[in-house]
Amino acid sequence: MFESFSIVLFLEAAIRLAVPLAVVALGESITERSGVLNIGIEGSIIAGALCGALAAMEWSSILLGMVFGAIGGGLVAMVFAIFVLGLNSDQIITGTATTLAGLGFTGVIYQARFGTTGSVITLPVLKSLEVPFLRDIPILGPIFFQQSITVYFVYFLVPALWYFLFKTSWGLELRSVGEDPAVAEEAGIRVLFVRFLAILFGGLSAGLAGAHLALDSGTFIENMSGGRGFIAIAVVVLGRWNPVPIVGAAMFFGAASALQFLLQSSGSNLPFPFFLMLPYVLTLIALSGWFGRTKAPGSLALPWPPKSG
Amino acid sequence: MTNRDSWIALAVSLSALLLTALLTAAALALGGYSPLVVLQSLLEGSFGSLDIFFGVTLVRAIPLVVIGLAVTVAFKSGVWNIGAEGQFYAGSMAGVWVGLSVGDYPSFFSVPLVFLSAAAAGAIWALLPALMKIRLGVGEVVTTILMNFVAIHLVSYVVRWPLQESRGVFPNTDLIDESVRLPIIIPGTGLHLGFVVAVICVVGLSIFFNNTGMGFQLRAMGGSKEATRVSGRARIPMLLIVTFLLSGSLAGLAGGIEITGRTFALYEGMSPGWGYTAIAVALLADLNFIAVLVTGIFFGALEGGAGAMQREAGIPAAWVSGIEALVLLSVLASDRILRRLLRSKKKYDVKERELDV
C-alpha cells in the first residue's frame with residue numbers, strides 16, 4: 001500500500017517537472033521543423049517568467065500572467081527572428097546572444113524593481129484543477145487529473161500539433177520548408193514567413209512555460225529558467241521532432257529530476273547526480289543511432305537564402 | 001588575410017562597441033541612471049588603480065581569454081563547439097583531483113602535471129562530440145551542449161562524494177596544497193602566473209595558425225570544407241579531431257589555471273557561464289588570437305567593474321550580462337550591415353555546415 005502511494009507521488013512529481021519542459025520542447029520542435037535551431041529559447045523562458053510574474057502581480061490574475069508570459073517569450077523570439085531572418089545572421093551565435101540577453105535583462109529589470117537584496121515577490125499560485133470523475137480513477141486519477149492547467153494544455157497541444165504537422169497542408173508546408181527550403185520556395189511557399197511564424201510559436205510556448213514556472217512556484221527568481229531551454233533542445237532530439245515522443249522524452253527528464261528530489265528528501269545516499277545525468281547520456285546514445293535513425297529536418301540551422309561565394 | 005579584410009574586421013569590432021555603448025547608454029537612461037556615472041564607476045572598478053587593474057580585471061580576464069581561445073580555435077576551423085563550459089569543468093575536475101594528490105611534490109613538477117591533466121580532460125570531453133561528428137555525421141552543436149550538462153552533474157557528484165572536503169559537510173573539495181598553487185607575479189595583487197600562461201597560449205596559437213601548414217589547413221577548413229577536400233591538401237577527419245582536441249584542451253586548461261591560480265578548490269557553479277561568454281569574447285575579436293587577449297581583458301573589466309558599479313553607483317550587477325549580450329548582438333548587426341555596405345565577403349558564413357542533428 002505504502003509502495004503504490006509513493007509511486008503515485010513520484011509520477012505526479014515527474015509530470016509536474018516535465019510539463020514546462022514539454023511545453024518548451026513542443027514549441028521548439030515546431031521551430032526546428034521549419035529548419036531553424038533556436039538555442040535562444042532559454043532567453044524566452046526567463047522573459048516569460050518575469051513578464052508573467054509582473055502581470056500576475058499587477059492584476060492578481062493567473063490568466064493574464066500566462067498571457068503576458070507568452071508575449072514576453074514571443075518578443076525575445078522576435079529579436080532572434082530579426083537577426084536570423086532579417087540579417088541572415090548565424091542561428092547558433094544569435095541564439096547564444098538572446099539567451100545571454102534574456103538572462104541579463106530580466107535580472108536588470110528584477111533588480112531595478114525589487115532591489116538587489118532579493119526581496120521575495122509573492123504571486124497568485126497555480127492551483128491544481130481536478131477533473132471530476134476522472135480524478136477518481138485509482139492511481140491514474142491523482143497522477144494525470146489533479147494537475148495544474150498547463151498539464152491539461154499539454155494534453156490538448158500534443159494531438160493538436162500532431163494533427164497540424166501530419167494532417168494539414170500548413171503542416172506539410174512547414175515540414176517542406178525545414179527539409180528543403182529551395183524546393184519549398186519553388187513550390188511558392190514563402191520560406192522566411194513560415195520560419196517567422198515557427199520562431200514566434202516557439203517563443204510564445206517558451207514564454208508560457210516560463211510563466212508557468214513563476215506561477216507554479218509563486219515567485220520569480222533570477223535565472224529560474226535553469227537551463228531548461230537547452231534541456232528542451234535535447235528533449236526535441238530524443239523525441240525525434242514528433243509531438244508524442246517529445247512528451248515521453250520530457251517525462252523522462254522530469255522523472256530524473258523527481259527521483260533526485262525523492263532521493264534527497266529521503267536522506268538516501270544514492271548518488272543522485274547520476275540520475276540527472278542519465279537523460280543526457282541517453283540522448284547522446286539516441287543521437288548515435290542506437291535506437292534507430294534519428295533524423296533532423298534537412299535544413300536545420302542552415303542559413304536562408306544560402307550564402308554565396 | 002588581406003589588408004582590406006583586417007581593416008574591415010577592425011571597423012566591425014569598433015562599430016559594434018560603439019553600437020553597444022549607445023544601446024547601453026540608452027537603456028541606462030531609460031532605467032533612470034546616468035550613463036556617465038555608470039561609466040565612471042565601471043572604469044574606476046576595473047582600471048581605477050594598478051592594484052585593481054592587475055588584481056581584478058586581469059584576474060577575471062584569464063579564464064575568459066583562455067576559453068575565448070578555445071572557442072576561436074573551433075570557430076576558425078568551422079567547428080561549432082558550444083561545449084567549452086563542459087570542457088572547462090572536465091579540466092577543473094581533473095585538475096583538482098591531481099592537484100589534491102601531488103601536494104608532496106615540488107611545484108615545478110606538480111603544477112605542470114595539473115595543467116597537463118586538466119588539458120587532457122578537456123580534450124577527452126571534446127572527443128566524443130568529435131567522433132560522433134566524424135563517424136556518425138551528428139552535428140556538434142547539440143552534442144557539445146549535452147556534454148555540458150553531463151559535466152555539470154558530474155561536478156555535482158565529485159564534490160559531494162569522492163572528493164568532498166574532509167569534514168564531509170559542504171559540496172566542495174578541500175583546498176589544494178600551497179605548493180600546487182600558482183605564484184603571484186605582481187606582489188600585492190592577486191595576479192597569478194596564469195596570466196602569463198594565457199599570453200603564451202595567445203602567441204603560440206597565433207604562430208601555429210598563421211605560420212604552419214596545419215594551421216593553414218585548419219583555416220581553409222573553416223573557410224570551406226569543399227575547398228579543402230578538392231584541393232586534396234588535407235584529410236578532413238584528422239583536421240576535425242585536431243580542432244576538437246585543441247579547443248577542448250584549451251578550455252580544460254582554463255579549468256586547471258582557475259584551480260591552481262584562484263579558487264584552489266572545486267565547487268558547483270565555478271564558472272558563471274564562461275563557456276558562453278567566451279563566444280562573445282571570440283566574436284568581438286573577429287576570431288583573431290591576439291585580439292582575444294584584448295577582448296578578454298575588456299570582458300574581464302566589465303565583470304570586474306560590475307561589483308564597484310553596484311557598490312558605488314547602485315547599478316545592479318546584472319547589467320553586465322545584459323551588456324555582454326548587447327556586445328554579441330552588436331557584433332552580428334554591424335558585421336552584416338557594414339559588410340553589406342562595403343560589399344565585402346561575409347565573415348561568419350558557413351556554407352558547408354553539416355548539421356545532421
Side-chain angles (χ1 to χ4, degrees), chain A residues 37 39 43 79 83 86-94 96-112 115-116 222 227 230-231 233-234 236-237 269 271-281 283-284 287-289 294-296 299-303 306-309, chain B residues 27 31-32 75 80 82 128-129 132 135-136 138-139 141-143 145-150 152-158 160-161 273 276-277 279-280 283 310 314 316-329 331-333 335-337 340 345-346 348-351 353 355-357:
Chain A
L37 179 60
I39 67 169
V79 174
F83 276 86
L87 296 172
N88 208 355
S89 296
D90 185 85
Q91 296 177 13
I92 307 304
I93 297 168
T94 312
T96 309
T98 47
T99 292
L100 290 175
L103 294 174
F105 283 110
T106 51
V108 165
I109 294 167
Y110 171 77
Q111 290 186 3
T116 49
E222 284 178 69
F230 293 112
I231 301 172
I233 287 164
V236 173
V237 174
N269 201 34
F272 67 85
F274 285 106
F275 295 105
L276 292 175
M277 210 185 291
L278 187 66
Y280 300 100
V281 174
T283 308
L284 281 166
L287 275 174
S288 52
T294 303
K295 179 75 179 76
S299 73
L300 188 60
L302 295 177
K307 310 286 175 62
S308 54
Chain B
F75 283 19
W80 295 86
I82 315 293
L128 184 71
M132 286 180 75
R135 288 276 164 165
L136 307 166
V138 180
V141 173
V142 172
T143 49
I145 290 175
L146 290 171
M147 291 298 282
N148 286 345
F149 284 97
V150 177
I152 285 165
H153 292 308
L154 196 58
V155 166
S156 142
Y157 167 71
V158 163
R160 282 191 174 80
W161 280 276
Y276 308 106
T277 316
I279 294 175
L283 290 179
Q310 183 157 333
W319 272 99
V320 167
S321 358
I323 296 174
E324 287 174 355
L326 285 181
V327 170
L328 207 42
L329 290 174
V331 170
L332 287 173
D335 180 73
R336 285 297 147 194
I337 293 163
R340 197 166 284 182
K345 209 174 146 250
K346 287 163 194 154
Y348 303 127
D349 289 0
V350 185
K351 292 166 295 275
R353 198 158 85 215
L355 232 151
D356 260 45
V357 166

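Lettering of chains follows the sequences in order, A, B, ..., and the numbering in each one begins at 1.
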Name the region of Arg160(B), side chain, backbone, both or neither, that has any atom closer than 4.5 Å to a heavy atom of chain A.
-> side chain
Residues at least two apart in sequence or cross-chain that pass side chain to side chain donor-acceptor pair (under 3.5 Å) with Tyr280(A), listed by chain then number, are none
Residue pair Phe75(B) / Leu283(B), side-chain heavy-atom distance below 4.5 Å = yes
Polar side-chain atom of Ser288(A) near backbone of Met132(B) as donor-acceptor pair, under 3.5 Å | no
Considering only heavy atoms from C-beta outward, does the side chain of Asn148(B) approach that of Phe230(A) to under 4.5 Å?
-> no
What part of Trp319(B) is in contact with chain A, defined as an atom under 4.5 angstrom from a non-hydrogen atom: side chain, backbone, both or neither?
-> both
Does any heavy atom of chain A fall under 4.5 Å from the side chain of Ile279(B), the backbone, both, or neither of them?
-> side chain
Just do the side-chain contact (heavy atoms from CB on, under 4.5 Å) check on Ile39(A) and Ile92(A) with the steps written out, would you?
-> CA-CA 7 Å; Ile39(A) 67 169; Ile92(A) 307 304; 3.9 Å; yes
Return the set of residues passing side chain to side chain contact (heavy atoms under 4.5 Å, CB included) with Leu276(A) (not counting sequence neighbours), or none when no residue passes.
-> Ser257(A), Gln260(A), Phe272(A), His153(B)
What part of Leu154(B) is in contact with chain A, defined as an atom under 4.5 angstrom from a non-hydrogen atom: side chain, backbone, both or neither?
-> both
Would you mind checking which part of Ile145(B) comes under 4.5 Å of any heavy atom in chain A, side chain (CB onward), backbone (N, CA, C, O), both or neither?
-> side chain
Thr106(A) versus chain B, heavy atoms under 4.5 Å apart: side chain, backbone, both or neither?
-> neither
Indicate yes or no for a side-chain donor-acceptor contact from Ser156(B) to the backbone of Ile152(B) under 3.5 Å, with no hydrogens or angles considered.
-> no
Select one option (side chain, backbone, both, neither) describing which atoms of Ile231(A) are under 4.5 Å from chain B's heavy atoms.
-> both
Return the option, out of Ala234(A), Pro271(A), Ala101(A), with the maximum number of heavy-atom pairs under 4.5 Å with chain B.
-> Pro271(A)
Which atoms of Ala333(B) approach chain A - backbone, side chain, both or neither, heavy atom under 4.5 Å = both
